Amino acid sequence: MTDNRTWVNPLRDVQDKRLPRIAGPSGMVIFGVTGDLARRKLLPAIYDLANRGLLPAGFTLIGYGRRSWSKREFEDYVYEAVSGGARTKMREHVWERLAEGMHFVEGNFDDEGFDRLSAMLAEMDVTRGTGGNWAYYLSVPPDYFSDVCHQLERSGMAEAEGDSWRRVIIEKPFGHDQETARELNQLVNAVFPEESVFRIDHYLGKETVQNILALRFANQLFDPLWSAHYVDHVQITMAEDIGLGGRAGYYDGIGAARDVMQNHLIQLLALVAMEEPVSFSPTELQAEKVKVLRATRPSYPLSTTTARGQYTAGWQGSHHVKGLREEEGFDPESTTETFAACTLEINSRRWAGVPFYLRTGKRLGRRVTEIALVFKEAPHQPFGEGQTRALGQNAVVIRIQPDEGVLMRFGSKVPGSTMEVRDVNMDFSYSEAFTEASPEAYERLILDALLDESSLFPTNEEVELSWAILDPILEYWADHGRPEDYAAGTWGPISADRMLERDGRTWRRP
Ligand code: NAP
């Protein structure tokens, strides 16, 4: 049960600083606490929440893993992770209070370990006042999601008593295709009811992603333009400049489309394209996303509306970097793509005829995530061709990272005695407009899960629908040979450029 005295729906209700969203009595168990994600993101986020006073006094953090760590050794490990990764200042009294509630339970995903964990939770409920309220964070390889859920059920830890709650937080990737996602959903939902399942898509925890809702639905300026009447096409880009590095083993067999497009990019598409929800309650918001996902399909033929690639050696700025096939742990024969692009269409009155171009890749020109709505040309141009040579199409660009903000591109007269029109940018930057630093996505999502606020977590239906959009593309690629090469530091394979050129368009160079 949620503590109603402090519960505020962050998307719906006024953020009253006198009424911060503080989690009620609770604790969290992290499975996979020794892993990369926990060390870099989860543990620092938990400290930052504690530092901001948003965790309850008796908050208890239990790490579960295959080390024979004492409480002290676990504390030292967490301290190192937090001091290296926290966003907020290290404060001794905050750390000490948090560390008091830290424990480590040694175990594999077998019966004995979970029985020990169950005993630990019962003890904490008495000594720390966690009230039987536990969130289980599954930060383990996806192959183990089912083992952990099964063990939580067997040991009686999945079921809450009385007013208390048990929730499970699950990391991506959620399935490998629609069928495996459905199987996994069934398995998880057999142990935890859907309202207790929080699937992480950390993009939804980003302030700029939530700003899409503010931009669209709090303003009068944009909505009239937000449709096929004025929008020519939409480009959604998530480009990384890094390569696979140490993650080659994880990535091989997954690839860019499954790793990024199925979750982050399709969620961005849903937020940009959905209708205004009746309210910002989780149910209403998710209902609108589901509606738009149901109407979304790949454009055909897939031979010309999609592109995929693998990076080869090249230059990233002044650094020469190696190609994918030279990366340690990556099978040189692998057909896993590090670049994926596709064209989607949305069969609705608002978006009929507007292509949504999605692309993502590693070792691209620069690290950037953005959504660009590119507008049609004016129906009549009173200026001569020579006067508008430097005028492109108008655009609204929502920059998700880095340099979070919104940019508008439009034509303006060049100063001087002649009439010459060229593109200019009007740029809103978050960091310049607001003095407060944005919380990290994981801070927001962990707090929301503790507060039972599920608006920013994709439902089982959303996950399965995203796979349904992507599956035909993945199947087509599986039957059609190798991805094309592209040099590191460029913007992907030539086929990605051709994909747009065929439609008389070009990718933005962000
Ligand atoms: P990782 O570094 O490989 O860590 C995996 C964790 O699982 C380790 O703590 C490992 O413990 C534990 N584990 C594996 N097998 C186990 C077993 N049989 N019994 C007990 N513990 C076991 O993985 P990660 O990068 O942290 O990723 C964790 C999850 O988050 C994955 O689902 C991944 O897809 C997802 N994710 C990660 C990132 C990221 O940036 N890293 C981003 C998005 C999503 P040992 O230390 O004992 O091996």
Side-chain angles (χ1 to χ4, degrees), residues 141-143 145 170-186 199 201 203 235-240 244 247-270 290 292-311 324 330-331 333-347 355-364 458 460-486 492-496 498-500:
D143 291 349
F145 290 167
I170 303 187
E171 266 298 336
K172 69 162 203 183
F174 202 84
H176 199 68
D177 51 24
Q178 192 186 21
E179 196 184 326
T180 50
R182 191 174 290 148
E183 282 166 14
L184 188 53
N185 276 329
Q186 283 167 355
R199 294 175 194 78
D201 184 328
Y203 258 60
Q235 299 186 13
I236 305 182
T237 300
M238 179 186 156
E240 292 178 280
L244 292 194
R247 303 196 75 212
Y250 159 81
Y251 200 81
D252 197 0
I254 293 185
R258 287 188 171 92
D259 193 39
V260 171
M261 210 174 247
Q262 179 270 334
N263 35 66
H264 308 324
L265 296 196
I266 293 187
Q267 280 291 328
L268 293 182
L269 173 142
V290 162
V292 79
L293 292 176
R294 272 190 197 292
T296 306
R297 311 253 181 291
S299 285
Y300 288 87
L302 298 175
S303 55
T304 57
T305 58
T306 68
R308 68 193 161 129
Q310 282 185 343
Y311 64 83
L324 178 72
F330 198 85
D331 174 5
E333 297 302 313
S334 169
T335 57
T336 300
E337 80 285 352
T338 55
F339 177 97
C342 70
T343 315
L344 301 180
E345 55 192 42
I346 300 176
N347 297 314
F356 281 68
Y357 300 112
L358 274 53
R359 67 174 163 168
T360 179
K362 294 203 178 282
R363 285 271 183 244
L364 297 183
N460 50 8
E461 200 177 0
E462 284 172 63
V463 170
E464 288 175 30
L465 285 169
S466 314
W467 281 118
I469 295 166
L470 214 56
D471 275 358
I473 298 172
L474 295 169
E475 283 162 22
Y476 175 81
W477 286 349
D479 292 341
H480 286 80
R482 295 191 59 77
E484 198 183 327
D485 287 348
Y486 64 95
I494 292 166
S495 54
R498 297 226 172 97
M499 197 179 115
L500 263 70

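Being a predicted model, the structure only gives us computed values, none of them experimental.
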Nearest 0.5 angstrom please: [X] [atom1] to [Y] [atom2], how far?
X: L500; Y: Y357; atom1: CG; atom2: OH; value: 4.5 Å
X: Q267; Y: Q262; atom1: CD; atom2: CD; value: 8.5 Å
X: M261; Y: E337; atom1: CE; atom2: CD; value: 8.5 Å
X: H480; Y: R308; atom1: NE2; atom2: CZ; value: 9.0 Å
X: H264; Y: I236; atom1: NE2; atom2: CD1; value: 13.0 Å
X: E333; Y: D252; atom1: CD; atom2: CG; value: 11.0 Å

Determine the minimum heavy-atom distance between [X] and [Y], stating which atoms define it.
X: V463; Y: A181; result: CG1-CB, 4.2 Å
X: M238; Y: V260; result: SD-CG1, 3.4 Å
X: L293; Y: A270; result: CD2-CB, 4.1 Å
X: A256; Y: T360; result: O-CG2, 3.8 Å
X: M499; Y: A307; result: SD-N, 4.0 Å
X: G175; Y: L184; result: N-CD2, 4.0 Å

Q: Go through the side-chain N and O atoms of T338 and Y251 and say whether any donor and acceptor fall under 3.5 Å apart.
A: no
Q. Between T335 and R482, do the side chains contain an N or O donor and an N or O acceptor separated by less than 3.5 Å?
A. no
Side chains of [X] and [Y]: closer than 4.5 Å at any heavy-atom pair?
X: L244; Y: Y311; answer: yes
X: P173; Y: Y250; answer: yes
X: P483; Y: F339; answer: no
X: L358; Y: I266; answer: yes
X: L269; Y: I346; answer: yes
X: W467; Y: T180; answer: no
X: K172; Y: D201; answer: no
X: F174; Y: N460; answer: no

Under 3.5 Å donor-acceptor, [X] side chain and [Y] backbone:
X: R258; Y: H176; result: yes
X: S466; Y: N263; result: no
X: Q310; Y: T336; result: yes

Q.
List the residues meeting side chain to side chain donor-acceptor pair (under 3.5 Å) with E179, not counting sequence neighbours, and say none if there are none.
A. none
Q: Output, in order, the C-alpha distance, side-chain angles, deciding distance and verdict of salt bridge (Lys or Arg N to Asp or Glu O under 4.0 Å) for E240 and K362.
A: CA-CA 5 Å; E240 292 178 280; K362 294 203 178 282; 2.8 Å; yes
Q. Between L364 and R359, is a side chain to side chain contact (heavy atoms under 4.5 Å, CB included) present by the stated rule, with each step listed?
A. CA-CA 11 Å; L364 297 183; R359 67 174 163 168; 5.8 Å; no
Q: Decide yes or no on side chain to side chain contact (heavy atoms under 4.5 Å, CB included) for N185 and R199, but give the supporting numbers first.
A: CA-CA 10 Å; N185 276 329; R199 294 175 194 78; 3.0 Å; yes
Show me the donor-acceptor pairs, under 3.5 Å and distance only, between side chains in residues 471-479 and residues at least two apart or in other chains.
residue : atom : partner : partner atom : Å
D471    : OD2  : Q178    : N            : 2.9
W477    : NE1  : T306    : OG1          : 3.1

Q.
Checking L302 against Y300 for the side chain to side chain contact (heavy atoms under 4.5 Å, CB included) test, could you report, in this order, the C-alpha distance in whole Å, the side-chain angles of both residues, the deciding distance, and whether it holds?
A. CA-CA 5 Å; L302 298 175; Y300 288 87; 3.7 Å; yes
